[in-house]
Structure formats: structure tokens, C-alpha cells
Amino acid sequence: VSVEQLCKEYGLSAVLLANGAWRDRPLPIDGIDAYVGKGLLYQNPFVYWFNHYHEAGYSGPQYEVKDHAIVVGGGLASVDVVKVINLTLYAAALRVLGHEVDLTELEVKGIPKICEDHGVDPASLGIHGATLYYRRGMDEMPVATADDPSPEQLAKLKVSRVKIMERVMRKYLVHFEGNAAPAGAITDGDRLVGLRFDRTEVVDGRVRTVPGASFEARGPLVISSIGSVPEPIPGVPTRGELYDYTDWNTGAVRDRPGMFGLGNVLTGKGN
């Protein structure tokens, strides 16, 4: 069924776009997508695999979670990605020792508590875990937000963001590297084996790179989790990566009377 049919032939009073944001925003490094499946993964297929690989009828791609993974992000979805990696790694390590653990219980109680319950020192498992790299500082992570916050609210938000991420680090033993923007690929043959990052600073709310300050991070798996945008639909006007709205409060779509976006297809926030 085409958009033209929906809008003009069916006599509908409204068409609501509630198809979510399922297309990953590209990692901003030239040529990087040549390494998808060769050391690079994107967030959406990775999380979909994690949610479904255990099902008997699952026939999609299979991925291997590896230690020392590099995750590029900063929002709630990227926090989920580093959690998925470490939960999987620690569950597998405990299984080797004869301790079968439920992933849901591992998430709820946290890795240190479950290890303690089984008399295991997490450090003895030899797992480094995933590291999340974000182009701003921890206090600017969009894990807690508010619309048009006052200076007082913004100060509280900054404190809350740090508390949230520090709790994630304690509970799931993940690592965080702030003020780091992906700038280049590190390759070995046809595989991606790491990223080069530029150090950044935030000046008047804008991120800028610090001249001469860069570093390398190497790992067997890089996962990009820098945001999700809607899948393009023929007949729905777009502006850049998003659908073209005349009114962001109502979600009204430009040149399509009676068509509205709602949910993640409008806000672009984590699906």
C-alpha cells in the first residue's frame, strides 16, 4: 500500500506514522561501513540479536560478544549496549565455572552481587569489559533530560547524569571515556581492530576537537550507538535524516495534510 493510496484513495481522516527509529545513524568516519560484520556492528541489529537469538525460530544474523569491545555513543541506548556486552561476558564466564545464571537476574541484581552469591571474585574472571566513548563529558550524557531547563535544573541534571553512569559502571563493571570523538579507523587487513579518537572540549555548548590531542583504542569489536533515525518511506518527505515536519508539537508532516508522526519516529529517542 503506497503513501499516495493512504492519503488520497482510502478516505482516511488521518494517517499516523508510528514506525519508530530503526535505522542507525552512520558512524562519522569515511569508509567505515566497509567493515560492518568485520569488526564493526551497529546498535540496532546487535540489540535485536540479543533480544531474539535464544528463540527457537530465530534465523537472523549471529554475533559473537567479545571482551575489550569499543562502544561509541553516550545516550541510553549505548548504555544498554555496554550492559549487554558485559552481562553476556560474565554470564559465559560463570557458566564455565558451573554457575548457570539468568541474564534478567544478572541485570537486576548486578554483576558484583551475582558473583558474590556464587562465591566468585569478579576480578578473578579476567574480564576487562566494554568501554563507552562519548564526545562530551559524563555530566552531559543524555541519560537524563528536561525540556528547556533553568540553570538550577541543568545543574541538578548534570549531577544526576554522573550518578546514573557511575551506578551503571559499578553495577555492570563497564568503563567510560569522555571527551572522545571518533576520528579514524584502525584496520588489520580487511578487519576493523580499533578506532582513533580526537580529544574534545565543549565551548559555549559546542563540541570542538583539541588540536594535537588524539589517541588510539583497540579492540576486537566496535559497536556504533550514536542514535537511531526513521527508515525512509517513499512518499513521506524528509529533511536530512528525519521526516519533514511543519509542526514538531503535533507531528504534522509537510505537504501531507492529515499525516502525523508520533513516538520515536518524531522524537528519534531510543527505541
Side-chain angles (χ1 to χ4, degrees), residues 20-30 32-53 60-89 103 107 128-145 161 164-169 171-186 192-198 200 207 217-231 241-242 263-265 267-271:
W22 286 99
R23 182 163 62 101
D24 285 282
R25 182 171 280 122
L27 190 62
I29 297 174
D30 288 343
I32 196 69
D33 282 353
Y35 300 98
V36 171
K38 301 175 182 178
L40 172 66
L41 293 176
Y42 278 97
Q43 152 202 309
N44 284 314
F46 177 73
V47 174
Y48 185 88
W49 162 80
F50 178 74
N51 286 335
H52 295 284
Y53 76 88
Q62 296 287 348
Y63 301 120
E64 182 182 358
V65 174
K66 297 182 179 181
D67 199 6
H68 293 272
I70 296 165
V71 178
V72 181
L76 286 171
S78 65
V79 171
D80 280 342
V81 171
V82 291
K83 283 171 56 179
V84 163
I85 292 168
N86 276 24
L87 291 171
T88 303
L89 290 173
L103 281 175
E107 180 183 14
H128 176 271
T131 302
L132 175 60
Y133 293 82
Y134 181 44
R135 63 195 183 98
R136 295 174 179 263
M138 189 182 292
D139 62 348
E140 293 193 85
M141 294 178 71
V143 294
T145 59
R161 291 163 180 163
I164 289 170
M165 192 60 205
E166 288 180 341
R167 182 172 182 268
V168 168
M169 294 168 70
K171 193 172 181 180
Y172 305 108
L173 306 182
V174 303
H175 305 277
F176 177 82
E177 187 79 39
N179 295 106
I186 302 172
L192 183 69
V193 296
L195 295 177
R196 179 173 59 81
F197 289 90
D198 287 338
T200 65
V207 176
R218 293 176 179 262
L221 178 63
V222 175
I223 299 181
S224 177
S225 182
I226 59 173
S228 299
V229 292
E231 294 279 2
E241 298 174 322
L242 305 177
N264 295 336
V265 80
T267 65
K269 294 183 179 179
N271 53 37

So do H68 and R218 actually touch side chain to side chain, heavy atoms under 4.5 Å?
no
Yes or no on side-chain contact (heavy atoms from CB on, under 4.5 Å) for R161 and M138, after CA distance, side-chain angles and deciding distance?
CA-CA 7 Å; R161 291 163 180 163; M138 189 182 292; 5.9 Å; no
If I take atom CZ from residue R135 and atom CG from residue D198, how far apart are they, to the nearest 0.5 angstrom?
13.0 Å
So S224 and Q43, do their side chains get closer than 4.5 Å, heavy atoms only?
no
Using a strict threshold of under 4.0 Å (side-chain N to carboxylate O), is an ion pair present between E107 and K83?
yes
Could you check if a side-chain atom of D24 sits within less than 4.5 angstrom of a side-chain atom of S225, using non-hydrogen atoms only?
no
How are the rings of H175 and H128 set relative to one another: parallel (under 30°), tilted (30 to 60°) or perpendicular (over 60°)?
parallel
I'd like to check F197 versus V72 (side-chain heavy atoms, cut-off strictly below 4.5 Å). Are they in contact?
yes
Can I29 and Y35 be said to form a side-chain contact (heavy atoms from CB on, under 4.5 Å), step by step?
CA-CA 11 Å; I29 297 174; Y35 300 98; over 6 Å; no
Report yes if some heavy atom in the side chain of L192 is under 4.5 Å from a heavy atom in the side chain of I186; otherwise report no.
no
I need the minimum non-hydrogen distance between I85 and K66, along with the two atoms involved.
CG2-O, 4.1 Å
Heavy-atom closest pair, residues I70 and G219
CD1-N, 3.8 Å
Which atoms form the tightest heavy-atom contact between V79 and V143, and what is the distance?
CG2-CG1, 4.1 Å
Verify the distance criterion only: is there a donor paired with an acceptor across the side chains of Y42 and D33 at less than 3.5 Å?
yes
Report the C-alpha distance between V168 and V174 in whole Å, list the side-chain angles of each, state the deciding distance to 0.1 Å, and finish with yes or no for side-chain contact (heavy atoms from CB on, under 4.5 Å).
CA-CA 7 Å; V168 168; V174 303; 3.9 Å; yes
Between F176 and R136 the two heavy atoms that sit nearest each other are CZ-O, 4.4 Å
Nearest heavy atoms of G75 and P142, plus distance in Å:
CA-CG, 3.8 Å
Indicate yes or no for a side-chain donor-acceptor contact from N86 to the backbone of G129 under 3.5 Å, with no hydrogens or angles considered.
no
Go through the side-chain N and O atoms of N264 and S228 and say whether any donor and acceptor fall under 3.5 Å apart.
no
Flag side-chain contact, heavy atom, 4.5 Å: Y134 against E177
no
Count the heavy atoms belonging to other residues, nucleotides or ligands that lie under 6.0 Å from OH of Y63, then report whether that count exceeds 12.
yes
Which class fits the ring pair W49 and Y53: parallel under 30°, tilted 30 to 60°, perpendicular over 60°?
parallel
Testing the basics here: between L132 and G73, what is the closest heavy-atom pair and its distance to 0.1 Å?
CD1-N, 3.8 Å
Can you measure from CD1 (I223) to CG (L41) and round to the nearest 0.5 angstrom?
5.5 Å
At what distance, to the nearest 0.5 angstrom, does CE of M165 lie from CG of D139?
13.0 Å
Heavy atoms, side chains only, cut-off 4.5 Å: are V82 and Y172 in contact?
no
Judged by atom type as modelled, is there a donor-acceptor pair below 3.5 Å linking the side chain of R23 to the main-chain atoms of P230?
yes
Kindly indicate whether the side chain of V47, heavy atoms from C-beta on, has any atom under 4.5 Å from the side chain of D80.
no
